[in-house]
A.B. asks: 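Attaching a single structure in structure tokens format; questions to follow.
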Amino acid sequence: MPPDAILMPAHLPPPAAPLAPAAQAALSRVRLPLPDGFRPQDVLAFHGRDPEALSERVSAQSLDKGLVWQGELACLSVRFLPGTGPGEVEAWLDARIAACAEAPGLLTRTVQRMLGLSQDVAAFEHAHRHHPQLGPLLAKQSGLRVPATATPFEALSWAITGQQISVRAAVAIRRRMVQACGLRHPCGLFCHPDAAQVLALGEAGLRGAGLTASKARTLLTLSDAFLAGDVPLADGSQPLRAEDAERIARHLLALKGIGPWTVSYALLRGWGWTDGALHGDVAVRRALAELPDHPLPTPVTPEAAQAWLAPLSPWRALAAAHLWASLSMNA
């Protein structure tokens, strides 16, 4: 498929009524420098997983994404600007709330988190460049960061949807859920729903999108918890400390249907927390088994993976991301 083939979906239904009057839309715009070795392709690939481009449009240097931003329909645009050095990224938000004084700061923090700019990649790579198995991966995949979703709620809903199914199946279910909510921005993109919109869709609507009964109930329970303020630091606007991650994990694990993998994955993709415990992830264990001269049993057990990852703290999840990437590199 050519790079621009997914940019203009032609089969979308008419726009649903927006949450806020489109005529009052405004722009907030920021420009940020990129660090040496930044890899825009990782961000674009993460947000370009849906070939139908229902809620994200991706090109060789840009991303447009529909989302619900503080209760308003919004379109977030990100453009990577090449330069003589690492380059810059420019981002702007098309939404009524973008006119408020706090919008530029919140937009800056959101873009930094989505691009993984707060992840201390240089320190991680320097600390483990001589690791017998991980070191060669770091050399081949230097600069790898973990792209994040626009909101922590989106990461959690993706993690719940993707429990024990393939990425392709999860993408299809996510697409149907987004379309069922019917939140379409004037730019043409559908917006990923927030907790209130998922609750409005209800169990029947989630089941109709393809979620199992248990996953639908878990997602509704999560939505209730977000709206009640039971998940601390829910907006993901500030970098997490270890105690913050532990507190979020405790709250999430108390919800039926959410286990350790879902929490660690969502902390990584939603909050940018790079020290989550992903030793139970099937792909992580498969990648470990494919490392040359690894000292682990075959097949690699969760316990063995946990022991291998433990010395890599506080970057265990970042190491897991390198293991994920190695599978694509070896494909």
Side-chain angles (χ1 to χ4, degrees), residues 19 46 55 65 67-74 76 97 102 105-107 109-114 116 118-119 146-163 170 173-174 177-178 181 183 191-203 205-206 209 211-212 214-278 280-281 314 316-317:
L19 297 180
F46 175 66
S55 55
K65 178 176 175 61
L67 69 155
V68 177
W69 178 277
Q70 298 188 332
E72 309 282 351
L73 292 188
L76 173 64
I97 198 70
E102 296 81 10
L106 182 56
L107 177 59
R109 294 190 295 273
T110 298
V111 172
Q112 288 173 332
R113 180 177 48 79
M114 288 179 67
S118 62
Q119 298 169 19
V146 183
T149 55
T151 66
F153 181 80
E154 182 180 347
L156 276 160
S157 62
W158 168 261
I160 291 167
T161 300
Q163 291 170 347
I173 293 171
R174 174 187 183 270
M177 180 184 73
V178 169
C181 287
L183 306 174
C191 300
H192 193 284
D194 63 5
Q197 298 304 316
V198 169
L199 283 175
L201 191 59
E203 184 173 347
L206 292 172
L211 278 82
T212 63
S214 61
K215 288 183 180 181
R217 288 193 290 269
T218 298
L219 192 49
L220 292 172
T221 299
L222 172 71
S223 300
D224 271 326
F226 259 69
L227 290 180
D230 293 338
V231 181
L233 300 177
D235 65 358
S237 63
Q238 300 292 340
L240 288 189
R241 300 168 299 174
E243 54 267 34
D244 299 328
E246 291 172 3
R247 184 166 63 251
I248 292 171
R250 285 197 304 270
H251 282 77
L252 292 174
L253 289 171
L255 303 178
K256 186 176 180 180
I258 294 182
W261 178 88
T262 300
V263 170
S264 291
Y265 185 85
L267 283 170
L268 177 63
R269 290 295 195 191
W271 282 272
W273 176 242
T274 57
D275 198 31
L278 287 162
D281 186 270
R316 290 174 296 167

A.B. asks: Restricting to non-hydrogen atoms, name the atom on Ala242 and the atom on Trp273 that form the minimum distance, rounded to 0.1 Å.
C.D. replies: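 Result for this residue pair: CA-CH2, 3.5 Å.
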A.B. asks: Evaluate the side-chain proximity of Glu154 to Leu67: yes if any heavy-atom separation is below 4.5 Å, no if none is.
C.D. replies: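 Not touching, per the 4.5 Å side-chain cut-off.
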A.B. asks: Looking only at atom types and distance, does a side-chain atom of Arg269 sit under 3.5 Å from a main-chain N or O of Pro147, one as donor and one as acceptor?
C.D. replies: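 At least one qualifying donor-acceptor pair exists.
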A.B. asks: Where do Leu222 and Ile258 land on the side-chain contact (heavy atoms from CB on, under 4.5 Å) test, with the steps shown first?
C.D. replies: CA-CA 9 Å; Leu222 172 71; Ile258 294 182; 4.3 Å; yes
A.B. asks: Do Val68 and Pro193 come within less than 4.5 Å of each other through their side chains, counting heavy atoms only?
C.D. replies: no
A.B. asks: Under a 4.5 Å cut-off applied to non-hydrogen side-chain atoms, are Thr262 and Leu252 in contact?
C.D. replies: no
A.B. asks: At what distance, to the nearest 0.5 angstrom, does CD of Glu203 lie from CG of Leu211?
C.D. replies: 10.0 Å
A.B. asks: Start with the C-alpha distance between Leu268 and Leu278, add both sets of side-chain angles, then the distance that settles side-chain contact (heavy atoms from CB on, under 4.5 Å), and finish with yes or no.
C.D. replies: CA-CA 10 Å; Leu268 177 63; Leu278 287 162; 4.1 Å; yes
A.B. asks: Can you see which heavy atom on Val198 is nearest to which on Leu220, and at what distance?
C.D. replies: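 It is O-CD2, 3.7 Å.
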A.B. asks: Any side-chain to backbone donor/acceptor pair from Arg113 onto Gly270? Under 3.5 Å, distance only.
C.D. replies: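 A pair under 3.5 Å: yes.
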A.B. asks: Would you mind reporting whether Leu106 and Trp69 have side-chain heavy atoms less than 4.5 Å apart?
C.D. replies: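 Result yes, sub-4.5 Å side-chain heavy-atom pair found.
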A.B. asks: Determine the minimum heavy-atom distance between Ala159 and Tyr265, stating which atoms define it.
C.D. replies: CB-CD2, 3.9 Å
A.B. asks: State, with a plain yes or no, whether a side-chain heavy atom of Met177 is found less than 4.5 Å away from one of Leu206.
C.D. replies: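 Yes. Closest side-chain heavy atoms under 4.5 Å.
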A.B. asks: What are the two closest heavy atoms between Val178 and Cys191, and how far apart are they?
C.D. replies: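 That would be CG1-O, 3.8 Å.
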A.B. asks: Determine the sole option in Asp244, Leu240, Thr149 for which the side-chain contact (heavy atoms from CB on, under 4.5 Å) test with Trp271 is passed.
C.D. replies: Leu240
A.B. asks: If only atom types and distance count, is the side chain of Lys215 paired as donor or acceptor with the main-chain N or O of Gln163 below 3.5 Å?
C.D. replies: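 Yes: the side chain of Lys215 pairs with the backbone of Gln163.
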A.B. asks: Is a side-chain donor or acceptor of Lys65 paired with a backbone partner of Leu76 at a separation under 3.5 angstrom?
C.D. replies: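 No, the answer is negative, given that no donor and acceptor are paired below the 3.5 Å cut-off.
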A.B. asks: Do Thr274 and Val146 have side chains that get closer than 4.5 Å, going by heavy atoms?
C.D. replies: no
A.B. asks: Find out whether Ser157 and His192 are in side-chain contact, i.e. whether some heavy atom of one side chain is under 4.5 Å from a heavy atom of the other.
C.D. replies: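 In short, these two side chains touch, coming nearer than 4.5 Å.
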